[in-house]
Peer 1: 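One structure coming up, written as structure tokens, with questions to follow.
In what follows, chains carry the letters A, B, and so on, assigned in the order in which the sequence lines appear, proteins first and then strands, with residues in each chain numbered from 1.
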Amino acid sequence: MTRKILSGVLGVVIAFLVGALIMLLEGYEPLATYGALAQFSLGGIGPFATTLKNSVPLVLTGLSAAIAFASGPVNLGQPGQLVFGALAATLGGLYFSLPPALEIPLLLLLAIAGGALWSALAGLLRQAFGMSEFIVTLMLNMIADFFTAWAIAYPFMDRKAFSPMTPPIAQSGWMPDIGPLSSSVLLMFAAVAAMWFVVQRWRAGYEWRITGQNSLFARLGGCDVRGNFMAVMLVTGALAGLAGGLVVMAGPHRFIKGLGANYAWDGIMIAIMANNGLLETLIYGVFVAAIQTGALGMELITNVPSEIAQVLQAILVLVIVATREYAAVAFDRLAARRQARRRAP
Amino acid sequence: MDDFISLEHIVKVYPPSVLAVDDVSVGFRRGEIHSIVGENGAGKSTLMKLLYGLVPYDSGVVKIDGAPMHFRKPGDAIAMGIGMVHQEIELIPQYTVWENVVLGAEPVRGPGGVLDTKRAIELVRRKIEEFQFHLDPSAQVERISVAARQKVEILKLLYRNVSVLILDEPTAVLTPQEIPQLFAELKRLREAGTTILFISHRLDEVLELSDRITVMRKGKKIATVAASETNKEALAQMMVGRQVIFTSKRTPHRRGDRVFEAKNLCVTRRDGLKLLDDVSFSVHAGEIVGIAGVEGNGQFELVNSIMGLTAPNSGSIAVNGREICGLSILERRKLISFVPQDRAKMGASLAASILDNAIMTHHRLEPRFAAWRGLVLNYRNARAFTDSLVQRFSVQTTSSQSPFRSLSGGNQQKLILGRELLLSTPFFLMDQPTRGLDVGSIEYVHGEILAMREADRAVLLISADLEELFLIADRILVMHRGQIVADLATERTSIEEVGRYMLEGKKTA
């Protein structure tokens with residue numbers, strides 16, 4: 001445990017040092033830049049609330065990827081599942097106008113169903129024809145992308161807008177703010193807690209974990225490997241769909257072209273940084289959101305372009321993964337050397 | 001007589017904490033055959049790999065002719081005339097003998113460095129004649145026997161003018177008929193002045209071949225003795241650390257009702273080859289039935305058919321009178337306990353905790369592990385179960401939360417065996433349950449199997465180790481090319497008879 005934290009912190013420090021080096025080479029001041037980055041993402045309640053709100057789609061898609069990867073199925077369809085969830089919630093909000101206590105749960109359920117439907121398709125193709133979910137989910141991302149683009153440009157287009165988008169959803173379906181904090185953040189924490197409970201305490205979660213580590217052992221032990229595969233696809237699709245629904249309901253309140261952006265791909269990267277750990281996904285998700293949020297403010301007061309955030313993010317992924325792997329080897333070697341010294345005459 | 005090579009106070013710890021070689025000092029003389037014996041994991045291979053520069057050591061000194069040396073890679077060792085042949089043969093099968101021998105040290109001519117084929121073949125031929133190896137330099141390696149391939153490996157080193165040969169369990173891949181020839185060649189090499197370091201755990205061989213023998217146990221050197229001044233029992237005692245009994249502890253036991261029955265079982269490969277050919281046999285309560293046979297004669301398909309990984313083309317399998325073909329694996333597991341051949345692949349998840357490994361299958365079958373109608377696992381009961389399992393089968397570990405991979409091989413097998421035993425099924429399928437274990441663990445596993453027999457459970461034991469079958473099985477079935485060719489009562493047969501059935505599939509005079 002302490003090792004894990006140590007190697008994580010070390011990775012972040014090294015990544016920031018490398019980022020500083022790049023900024024120096026470009027002629028920017030690293031300390032001022034990092035200061036601005038921190039100020040606009042963590043410096044006070046307002047910025048931190050924004051960071052948390054921006055972390056919601058990252059953490060939820062990251063959670064989706066982390067659970068899938070740790071359980072066996074290579075679900076890389078979070079981008080497609082996210083836009084499908086967003087579209088389903090949007091359509092619900094266009095056609096229904098119930099009181100908030102009913103409207104919000106309805107739209108959330110629609111988002112979950114939209115994402116799960118899209119991942120179920122990949123799961124069924126795997127079960128029926130043995131098609132690799134790795135390729136199928138990637139291909140379905142394309143289809144989802146173009147399908148939603150068509151949906152908001154033709155049948156559900158807002159005729160008054162000058163770029164493809166739907167009309168706004170019913171106001172009763174907007175996620176309310178609690179002071180400066182968006183209520184979508186609470187849902188995110190609830191989702192992380194619920195998923196932790198499923199994976200760590202449910203019988204199904206136990207079987208998912210073991211199947212992800214050694215599926216033949218799980219199968220011979222009597223686990224329902226086929227059923228678990230489908231369940232994991234559904235759950236992880238639902239999480240990505242929920243992310244999409246919350247993006248619409250807490251943000252622009254309509255489906256705007258390009259709404260999915262890079263959320264899901266960033267989420268997959270976060271899962272990789274987190275080594276598929278659920279709590280780690282939450283921590284790294286908020287961390288990446290802080291960099292992205294801070295970068296926008298930083299651009300206002302320094303002359304550093306906000307793209308530096310992407311550079312920083314890429315370095316973080318590489319350095320954190322490399323540090324984790326190397327730290328494990330280095331710690332082991334250190335322990336071995338210490339023991340050898342004790343044995344030597 | 002001065003030592004030609006001396007290892008002084010060598011320590012090697014494999015990260016993070018496996019003490020493989022523990023302060024070992026040993027000397028080798030020029031022109032002797034010196035055997036290193038010990039159980040699996042005693043550190044004999046590691047010690048030789050350290051000398052060969054393949055594995056770095058943590059402290060100690062290697063001296064050759066009195067001068068300290070430090071080999072960073074095998075190339076350094078070969079340059080000093082030390083070569084090693086590994087357990088697995090590492091040749092390019094598509095290449096000819098001479099191509100494999102010269103690879104990496106080819107004779108070339110001209111400024112461009114063109115391979116001088118004629119000279120290469122001539123050099124290899126000369127080496128073959130010098131050591132009377134009876135090899136055709138132009139034969140393709142994939143077409144020659146395993147014994148011949150091993151000779152090519154040795155030739156490769158002799159071609160590089162190596163004067164010290166390290167051989168890591170060379171007889172493990174040979175048939176009994178091929179071993180005397182290898183020994184004759186090794187003795188001839190010794191006469192020519194080559195020093196041979198021979199790793200083995202087969203004591204008969206070692207006694208026959210060596211001048212001196214070094215015994216290792218748990219990373220330590222126990223002794224170096226002259227072969228002429230010791231015997232098998234003394235060596236075994238040094239290896240294991242206590243007296244070893246080479247006789248069966250099986251007591252007479254009445255066999256009960258029929259528990260397991262396979263009838264006319266057939267598994268046919270797509271091209272029509274019969275992998276299981278009309279296999280019928282039964283196992284009764286309180287009986288241990290052994291299956292002998294050279295690996296790859298249908299044992300794999302038999303296990304997969306029983307466990308439900310393969311659907312047989314025809315035939316039936318019944319446990320306690322209930323037909324199991326067509327049942328799910330979970331349904332089968334209510335009747336069958338299973339210890340697989342390959343712990344890491346089939347018997348456990350190395351990355352998971354000991355607890356996660358201990359509760360497999362139990363988590364589905366036992367109500368005390370279920371809460372909320374089976375949705376949630378009762379981890380408090382799971383922990384209590386794991387703790388009692390660890391205690392009852394004396395698995396050595398500090399915590400049930402430690403990763404399974406932190407256990408030694410013997411302790412891993414104890415945990416798997418215990419988990420399966422506690423399933424309380426009538427039928428027990430064991431596929432090579434003692435493979436790769438040290439002598440102490442093997443004795444433990446045998447004791448547990450015999451205890452199951454006393455408890456009137458039916459045991460089917462598949463083993464490639466004939467001595468093991470003769471120690472504990474009541475009956476021995478021999479598999480050959482997918483068929484059961486013999487059904488012999490252990491008391492009325494011999495290792496020689498079973499061996500003949502294994503090789504020839506039928507009784508020959």
Side-chain angles (χ1 to χ4, degrees), chain A residues 1 3-4 7 69-72 193-228 231 235 275-277 325-345, chain B residues 8-23 25 57-60 219 307-309 328-334 338 340 342-353 355-357 359-365 369-372 374-379 382 404 419 423:
Chain A
M1 195 61 202
R3 263 191 199 190
K4 244 193 210 168
S7 76
F69 298 162
S71 310
M195 281 301 123
W196 186 89
F197 189 70
V198 168
V199 170
Q200 295 298 330
R201 285 291 172 263
W202 278 24
R203 184 170 78 187
Y206 165 74
E207 294 195 354
W208 296 357
R209 272 187 287 133
I210 301 291
T211 308
Q213 289 158 354
N214 184 349
S215 75
L216 185 56
F217 168 54
R219 199 174 152 206
L220 279 166
C223 299
D224 179 11
V225 175
R226 274 173 75 88
N228 286 338
V235 167
N275 205 15
N276 301 336
E325 302 300 323
Y326 183 72
V329 176
F331 278 128
D332 283 355
R333 251 191 229 157
L334 216 63
R337 197 155 311 150
R338 219 174 301 140
Q339 193 182 352
R341 205 164 310 136
R342 271 202 309 275
R343 305 305 301 196
Chain B
E8 294 172 8
H9 301 294
I10 303 281
V11 177
K12 168 67 189 175
V13 181
Y14 280 114
S17 63
V18 181
L19 183 60
V21 175
D22 186 2
D23 191 13
S25 300
Y57 46 93
D58 294 297
S59 70
M307 293 314 300
L309 295 176
S328 72
I329 292 180
L330 184 63
E331 285 300 314
R332 290 174 199 237
R333 298 297 251 123
K334 292 175 182 168
F338 175 47
D342 190 331
R343 285 191 294 277
K345 270 195 196 134
M346 302 166 97
S349 165
L350 296 182
S353 66
L355 182 142
D356 279 352
N357 276 292
I359 64 173
M360 181 51 79
T361 316
H362 295 271
H363 79 287
R364 281 262 181 182
L365 298 182
F369 288 160
W372 295 13
L375 196 61
V376 174
L377 273 180
N378 184 334
Y379 273 92
F404 188 73
R419 174 186 76 211
L423 283 173

Peer 1: Determine, stepwise, if the pair A:D224 / B:L330 fulfils side chain to side chain contact (heavy atoms under 4.5 Å, CB included).
Peer 2: CA-CA 8 Å; A:D224 179 11; B:L330 184 63; over 6 Å; no

Peer 1: Relative to chain A, which segment of B:I359 carries a heavy atom at a distance below 4.5 Å: side chain, backbone, both, or neither?
Peer 2: both

Peer 1: Could you tell me which of B:R333, B:R364, B:M346 has the largest number of non-hydrogen atom pairs under 4.5 Å with chain A?
Peer 2: B:R364

Peer 1: Which atom pairs, one a donor and one an acceptor, fall under 3.5 Å between side chains of residues 325-340 of chain A and the rest of the protein, sequence neighbours left out?
Peer 2:
none

Peer 1: At a heavy-atom separation under 4.5 Å, does B:I10 approach chain A through its side chain, its backbone, both, or neither?
Peer 2: neither

Peer 1: Using non-hydrogen atoms and a 4.5 Å limit, figure out which bit of B:D356 sits close to chain A: side chain, backbone, both or neither.
Peer 2: both

Peer 1: Tell me which of these, B:D22, B:N378, B:V21, has more heavy-atom pairs under 4.5 Å with chain A than the rest.
Peer 2: B:D22

Peer 1: Who in residues 200-208 of chain A is close to chain B, using a strict under-4.5 Å heavy-atom cut-off?
Peer 2: A:Q200, A:R201, A:W202, A:R203, A:A204, A:Y206, A:E207

Peer 1: Taking only residues two or more places apart in sequence or in another chain, which ones pass salt bridge (Lys or Arg N to Asp or Glu O under 4.0 Å) with B:R419?
Peer 2: none

Peer 1: Counting heavy-atom pairs under 4.5 Å with chain A, which one of B:A352, B:S328, B:G308, B:P340 comes out on top?
Peer 2: B:A352

Peer 1: What donor-acceptor contacts under 3.5 angstrom involve side-chain atoms of residues 213-220 of chain A, with partners at least two apart or in another chain?
Peer 2:
residue : atom : partner : partner atom : Å
A:Q213  : OE1  : B:S349  : OG           : 2.8
A:N214  : OD1  : A:L216  : N            : 3.4
A:N214  : OD1  : A:F217  : N            : 3.3
A:N214  : ND2  : B:A344  : O            : 3.0
A:N214  : ND2  : B:K345  : O            : 3.1
A:N214  : ND2  : B:A348  : O            : 2.8

Peer 1: Report which part of B:Y14 has an atom under 4.5 Å of a heavy atom belonging to chain A: side chain, backbone, both, or neither.
Peer 2: backbone

